[in-house]
Amino acid sequence: MLNFPMPYRDELLYSVVARYGVHFGITSPKQLLDDVFNNRKVIATTDLPNHLSMIAKHYTDCYYCDVEYLAYKHTLFPLYAPFVSEKRRLECLRLMADTSQGAIHLALGVAASRIKQTLSLRYCPQCVRLQQEQYGEYFWRRLWQISGADCCLLHGQLKEAAVERHGHHRHQFVAPYPENCPDSKQGESSAESQIVTNQVERLLDRPPVKSADLEQWSAYYRYLAEQNDCCRGQFIKYENIVERVLFCWSKKWLVEHGLSVEKSESCWLKGIFRKHRKSFSYLEHIVVLQSLLSSPWDINDVLGDVCNQKSEREHHVAPVTNDVSIELRQEYQQRWELLVKQFGVKPARQNKQGGATYAWLYRHDKAWLLKFNRRYRIYPKPINKRINWQQKDILTVRELVTLRNCYEMFLNTPKMTRNWYLKQVKSPATIEKNLYKLPLCNQFFMRYCESTTEYQIRRLTKTVAQLKISLIDLKRWKILRLSGLSEERLRRGTKDFLTKIMEI
């Protein structure tokens, strides 16, 4: 594609696509998607967009503008990449290159994170004024859209623009301009916001580097607790850590950002000093590191220290002892194989003869024993009995029927698809992921969800009714234009309906 705009420093790809639409005067969101992605179903995503390979093709003259460069320099991917495993990091880059259908937000933990995104896009009034003077246009910066980094280090508190992050029009890329980013007075930024913004800015500038694994993060936080005298033998002095965190961060700020410190065993602050079984967010790491490290500190130095940590696997490698003969070792291995194949791993250990065999192998050939047992491990299947799905099915379908009855006679509602219905009810994600447990809801969607033909007919009906009221002659081109339709996009049933309308 010719004349696709080059991204400015720290500009979101969302902003680049929006500026392309402004430069070429494209007012139709679908037309913009056709031009840029050759796909009319792309969702306008601000933080972790997909289809980066399509955008990279527009920069064929720039050898460095590949998928990895765009992900690290013009999305919020560097905010999450250092805190997930290397395998997950590479998989997420692959997802961002093509279509992921929301999988990238699940893989990086954004969808279920306690750190909630801002409802609207944000901007710094003085910075956009400088952008206008220097570049002749506004653009969205990455640093403005990060929860916790609520200020501009030069000018003060950020302002919310009149652009929703997840608006009603999911396919529309909205560029910043004076109407949706009005000039207004900025308040002073808090000390907490300045700390987070400073570290987040360094994270965004971080080049692509191999990520540490969860065991290295566990070892680093263990080391950090020991250095700050927050250990008692093998136990962590949780009270000492809480005291340091609350000394450095105000309770109000922590609660506002979903990081309240609680006494429960499931508190995030306790979890981060335990064995890491999941990754933690950038904001959780910054809060703890700021509390325990001496100032000034740099998060890039911390990430380097974590990668240098020895994992628990390296500390607990059990070498094979050479004080027994190979024949004796093979005899015990065969004996254990027979017991496991007959009873299973756990029952074989509880057997008197099997217990002795297991203990011998654990002392003399632990590596083989663990590898063999892994092949016969039986994973339990958890049964979730917290929700009465039959009752939830009945209550939800009643809510859906009420919605349909309320909106059935309205002609100006959006297309009444399954997603539209789900957005109107409580806990839509739970219902969508468990539809196979909700037969009544499934039947409702199959029966009452509006097809494209029905939606087009409803739009035509609304336009015809308005023209009749205004006593304006019905002309085919006028009806299509006011309805936002075209001859190419009309379905067969819609064409028949429109032809009959014109004959009346």
Side-chain angles (χ1 to χ4, degrees), residues 1-27 32 35-36 44-49 52 55-56 58-66 68-79 118 120-165 172-189 193-194 196-207 300:
M1 178 188 291
L2 296 176
N3 299 323
F4 192 75
M6 287 296 295
Y8 297 118
R9 185 183 180 277
D10 198 44
E11 181 183 11
L12 287 171
L13 280 180
Y14 173 96
S15 175
V16 178
V17 176
R19 284 197 297 115
Y20 172 80
V22 173
H23 292 179
F24 286 85
I26 301 174
T27 57
L32 180 61
D35 283 9
V36 178
T45 308
T46 55
D47 53 353
L48 298 167
L52 298 193
I55 296 179
H58 301 321
Y59 299 115
T60 52
D61 295 336
C62 302
Y63 67 92
Y64 59 86
C65 278
D66 57 1
E68 188 177 59
Y69 175 84
L70 293 175
Y72 270 88
K73 294 300 180 182
H74 300 288
T75 73
L76 299 190
F77 183 68
L79 212 60
T118 56
S120 303
L121 293 179
R122 300 191 299 187
Y123 69 101
C124 171
Q126 296 188 55
C127 283
V128 294
R129 198 184 310 139
L130 293 173
Q131 288 175 359
Q132 180 68 34
E133 295 173 1
Q134 185 174 358
Y135 305 108
E137 59 184 341
Y138 292 177
F139 61 88
W140 300 113
R141 285 192 62 190
R142 292 188 297 171
L143 190 59
W144 297 341
Q145 317 308 331
I146 299 170
S147 181
D150 304 323
C151 71
C152 170
L153 293 175
L154 297 176
H155 304 120
Q157 196 171 7
L158 296 175
K159 295 289 184 180
E160 289 197 355
V163 180
E164 292 184 358
R165 185 187 287 265
Q172 188 172 14
F173 290 82
V174 183
Y177 51 88
E179 284 72 17
N180 58 24
C181 297
D183 194 2
S184 58
K185 187 178 180 180
Q186 294 175 256
E188 292 185 4
S189 57
S193 296
Q194 291 181 1
V196 175
T197 305
N198 189 27
Q199 298 300 334
V200 162
E201 193 171 26
R202 297 174 185 180
L203 268 180
L204 293 178
D205 290 335
R206 184 176 173 82
N300 289 317

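In this text the structure is predicted, and so the values were computed from the model without any measurement. Along the sequence shown, residues carry numbers from 1. The figures that follow rest on heavy atoms only: side chains count, while hydrogens, waters and symmetry mates do not.
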Of all the heavy-atom pairs spanning [X] and [Y], show the shortest one and how long it is.
X: Tyr123; Y: Pro182; answer: OH-O, 2.5 Å
X: Ala175; Y: Val22; answer: CB-CG2, 3.8 Å
X: Gln157; Y: Gln186; answer: O-NE2, 2.9 Å
X: Pro78; Y: Arg142; answer: CG-NH1, 3.9 Å
X: Phe139; Y: Trp144; answer: O-CZ3, 3.6 Å
X: Ala44; Y: Gln172; answer: CB-O, 3.4 Å

From [X] atom [atom1] to [Y] atom [atom2], the distance as rounded to the nearest 0.5 Å:
X: Arg19; Y: Phe4; atom1: CZ; atom2: CZ; result: 8.5 Å
X: Lys73; Y: Cys65; atom1: NZ; atom2: SG; result: 11.5 Å
X: Gln132; Y: Cys181; atom1: CD; atom2: SG; result: 11.5 Å
X: Leu13; Y: Thr45; atom1: CG; atom2: OG1; result: 11.0 Å
X: Asn180; Y: Leu121; atom1: CG; atom2: CG; result: 9.0 Å
X: Cys124; Y: Arg141; atom1: SG; atom2: CZ; result: 8.5 Å

*Is the side chain of Arg165 donor-acceptor paired with the backbone N or O of Gln145 at a distance under 3.5 Å, no angle test?*
yes
_Main-chain N/O of Gly148 paired with Asp150 side-chain donor or acceptor, under 3.5 Å_ = yes
Student check: side-chain heavy atoms of [X] and [Y] closer than 4.5 Å:
X: His74; Y: Val16; value: no
X: Leu48; Y: Phe77; value: yes
X: Tyr20; Y: Asn3; value: no
X: Asp35; Y: Phe24; value: no
X: Asp205; Y: Arg202; value: no
X: Thr75; Y: Pro49; value: yes
X: Val36; Y: Phe173; value: no
X: Tyr138; Y: Pro178; value: yes

_Using the side-chain contact (heavy atoms from CB on, under 4.5 Å) definition, which of the options Leu203, Leu204, Leu158, Thr118 pairs with Ile146?_
Leu204
*Using side-chain contact (heavy atoms from CB on, under 4.5 Å) as the criterion, point out the one residue from His58, His23, Glu137 that pairs with Pro5.*
His23
_Test log, rule side-chain contact (heavy atoms from CB on, under 4.5 Å), inputs Thr197 and Gln194_ = CA-CA 5 Å; Thr197 305; Gln194 291 181 1; 5.8 Å; no
_So that I can tick it off, tell me whether Asp183 and Lys159 are bridged by a salt bridge, with the cut-off set at under 4.0 angstrom between side-chain N and carboxylate O._
no
*asked:* Using side-chain contact (heavy atoms from CB on, under 4.5 Å), reason through Glu201 and Leu143 one step at a time and then give a plain yes or no.
replied: CA-CA 7 Å; Glu201 193 171 26; Leu143 190 59; 4.1 Å; yes
